[in-house]
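Report on the structure given below.
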Amino acid sequence: MQKEPLKTELPADPQPEAAPKQMTIQVSKVQTPMRIDRYLAQQVENATRNKVQEAIEEERVLVNGKPVKSNYRIKSCDHIHITFLRPPAPELAPEDIPISILYEDDDLMVINKEAGMVVHPAFGNWTGTLANAILHHLGKDADELDRSEMRPGIVHRLDKDTSGLIIIAKNPVALHKLASQFARRQVEKVYKAMVWGLPNPPSGTIKTNIARSHKNRKVMANFPFEGAEGKHAITDYLVAEDLQYFALMEMTLHTGRTHQIRVHLQHLGHPILGDATYSGATPRTLPFSKSEPFTRNLLELMARQALHAETLRFRQPTTGEPLAFTAPLPADMQAVLEKIRTVITAAQS
């Protein structure tokens, strides 16, 4: 009887740890005293109070260069440096998830993304993303794409709860050329949004700088366009339909900052209907009877920000041929639009 060979091989190398996340926060001059663990849980995206407290105990949180306790109360102008250890990301895998492909050639796809779908994996959303669906659709052809940053072929992005058009490159050369078009502002991006109130004037250009909010690092904020803080953000707006107490807006982006349209419409005083992050998801009282139940019902129908990437115009990266695509408003926005039209018509009769 043959003896089983001795297992002399060395154990496999452990998976390398992901680089720690470094973050520096300058506390605002007007910040009221607050426990540091509570403050950082509010300021840092995806941070929980337990994670913050763990980092503090391991002296990975420094205030003005020195470690502190969890009960330390921050003061105005404190300088906070944090190191968060990050577990290695799981391998990006293909998943058979239905996607709506409006156009496809050897270099790219144009996809009409549904609201609720995350574009690429990140903390808290490692599966079920558009990136997973892309790998499944491309099959072996996806081997050409770089998965190292979990964004295979993704040239630009849409927020999870924003619907509409997104371009996906199918090879590295197309990715580079398409990214160059975005960088040179040669891609025309037009969005539709439903907002509270009716902007006056009905068209114009919003120019601000956009950066992380001083009060809450999880959201973006507007800063003076001429100032040093933040990055230039430019959006043209047009009232596409006057809905009396609401408006259907057409927004053309000249820059591509995080949450740009949502932040700019809040700055204009007309936040997007259903946008909980930027003041658009609270029922309002309008100047007609039973208006608050009406607006409450609208927000139940529109359980996300009413924002849709409607039109894309760009050039095919190999041939230079002009390409243009339009995606109609999704069902939830159509339903809210029809309800508003019906109520306005009834109020006017």
Side-chain angles (χ1 to χ4, degrees), residues 92 94-122 125-138 141-142 144-147 149-193 233 235 250-262 272 275 304-318 321-333:
L92 183 62
E95 293 182 45
D96 187 3
I97 303 169
I99 48 177
S100 174
I101 301 172
L102 300 189
Y103 171 84
E104 183 172 9
D105 61 26
D106 291 341
D107 291 318
L108 64 95
M109 296 185 289
V110 176
I111 292 171
N112 185 12
K113 186 187 83 69
E114 292 185 358
M117 175 177 271
V118 174
V119 171
H120 57 79
N125 290 288
W126 295 121
T127 61
T129 72
L130 181 59
N132 298 106
I134 290 165
L135 293 186
H136 180 271
H137 175 78
L138 295 180
D141 291 339
E144 286 191 61
L145 299 174
D146 181 9
R147 305 188 197 185
E149 294 187 2
M150 311 291 275
R151 303 183 185 192
I154 295 171
V155 187
H156 61 125
R157 57 161 295 189
L158 295 175
D159 293 336
K160 173 185 175 183
D161 289 327
T162 297
S163 57
L165 299 179
I166 185 168
I167 307 169
I168 305 298
K170 294 173 62 175
N171 59 69
V173 174
L175 180 63
H176 173 75
K177 290 182 177 180
L178 288 166
S180 178
Q181 289 187 47
F182 274 93
R184 296 177 181 179
R185 301 181 183 177
Q186 295 171 338
V187 178
E188 184 177 349
K189 298 170 286 182
V190 181
Y191 290 69
K192 283 287 176 60
T235 308
E250 183 173 288
M251 314 293 295
T252 301
L253 289 179
H254 294 284
T255 52
R257 308 306 177 204
T258 301
H259 296 179
Q260 178 172 323
I261 292 176
R262 299 164 66 187
I272 297 176
D275 192 341
R304 64 172 179 105
Q305 65 261 14
L307 181 60
H308 177 67
E310 182 185 57
T311 301
L312 277 172
R313 295 185 181 92
F314 60 99
R315 291 191 175 274
Q316 208 285 343
T318 298
E321 175 192 0
L323 297 175
F325 304 94
T326 298
L329 289 180
D332 56 355
M333 289 181 67

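Just the heavy atoms: all of them, side chains too, but no hydrogens, waters or symmetry mates, feed the values below.
- Side-chain N or O atoms of Q260 include none that pairs as donor or acceptor with a backbone N or O of A233 at under 3.5 Å.
- Looking at heavy atoms from C-beta onward, I168 lies in side-chain contact with L130 at the 4.5 angstrom threshold.
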Could you list the donor-acceptor pairs under 3.5 angstrom formed by side chains in residues 94-102, with sequence neighbours left out?
residue: E95; atom: OE1; partner: G128; partner atom: N; Å: 3.3
residue: E95; atom: OE2; partner: G128; partner atom: N; Å: 3.1
residue: E95; atom: OE2; partner: N132; partner atom: ND2; Å: 3.3

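- Under the 4.5 Å side-chain criterion, counting only non-hydrogen atoms from C-beta, T252 is not in contact with T235.
- Listed by chain and residue number, nothing satisfies the ring-ring contact (aromatic ring centres under 6.0 Å, His included) test with H137 (two or more places apart in sequence, or in another chain).
- Between atom OG1 of residue T129 and atom CG of residue L92 there is a gap of 6.0 Å, rounded to the nearest 0.5 Å.
- Contact record, L165 with F325: CD1-O, 3.3 Å, taken as the closest heavy-atom pair.
- Among residues two or more places apart in sequence or in another chain, the side-chain hydrogen bond (donor to acceptor under 3.5 Å, both in side chains) test is passed with R257 by none.
- In this structure, the side chains of R151 and L145 stay at 4.5 Å or more apart for every pair of heavy atoms.
- Here the CG-CZ distance, from D275 to R304, works out to 11.0 Å after rounding to the nearest 0.5 Å.
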Please tabulate, one pair per line, all N/O donor-acceptor pairs under 3.5 Å involving side-chain atoms of residues 108-116, not counting sequence neighbours.
residue: K113; atom: NZ; partner: M117; partner atom: O; Å: 2.9
residue: K113; atom: NZ; partner: D159; partner atom: O; Å: 3.4
residue: K113; atom: NZ; partner: K160; partner atom: O; Å: 3.0
residue: K113; atom: NZ; partner: T162; partner atom: O; Å: 3.0

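- With sequence neighbours excluded, the residues that form a side-chain hydrogen bond (donor to acceptor under 3.5 Å, both in side chains) with E310 are K192.
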(request) For the pair E250 and V190, evaluate side chain to side chain contact (heavy atoms under 4.5 Å, CB included) and give the outcome as yes or no after the intermediate values. (result) CA-CA 7 Å; E250 183 173 288; V190 181; 3.5 Å; yes
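- With rounding to the nearest 0.5 Å, the separation of CZ in R262 from CG in D161 is 7.5 Å.
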(request) Might you work through the side chain to side chain contact (heavy atoms under 4.5 Å, CB included) test for R185 and T255, ending with a clear yes or no? (result) CA-CA 7 Å; R185 301 181 183 177; T255 52; 3.3 Å; yes
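- Between Q186 and R315, the closest side-chain pair of non-hydrogen atoms is not below 4.5 Å.
- Taking every heavy atom of both residues into account, A324 and R313 meet most closely at CB-CG, 3.8 Å.
- When every heavy atom of K170 is checked against every heavy atom of D106, the shortest pair comes out as CB-O, 3.9 Å.
- Residues that satisfy the side-chain contact (heavy atoms from CB on, under 4.5 Å) test with K189, not counting sequence neighbours, are F182, V187, Y191, L253, L312.
- L138 is listed as a side-chain neighbour of E104, based on a closest heavy-atom distance under 4.5 Å.
- Here the closest non-hydrogen pair linking D107 and A174 is O-CB, 3.5 Å.
- Closest approach of P330 to H308, counting heavy atoms only: CD-ND1, 3.5 Å.
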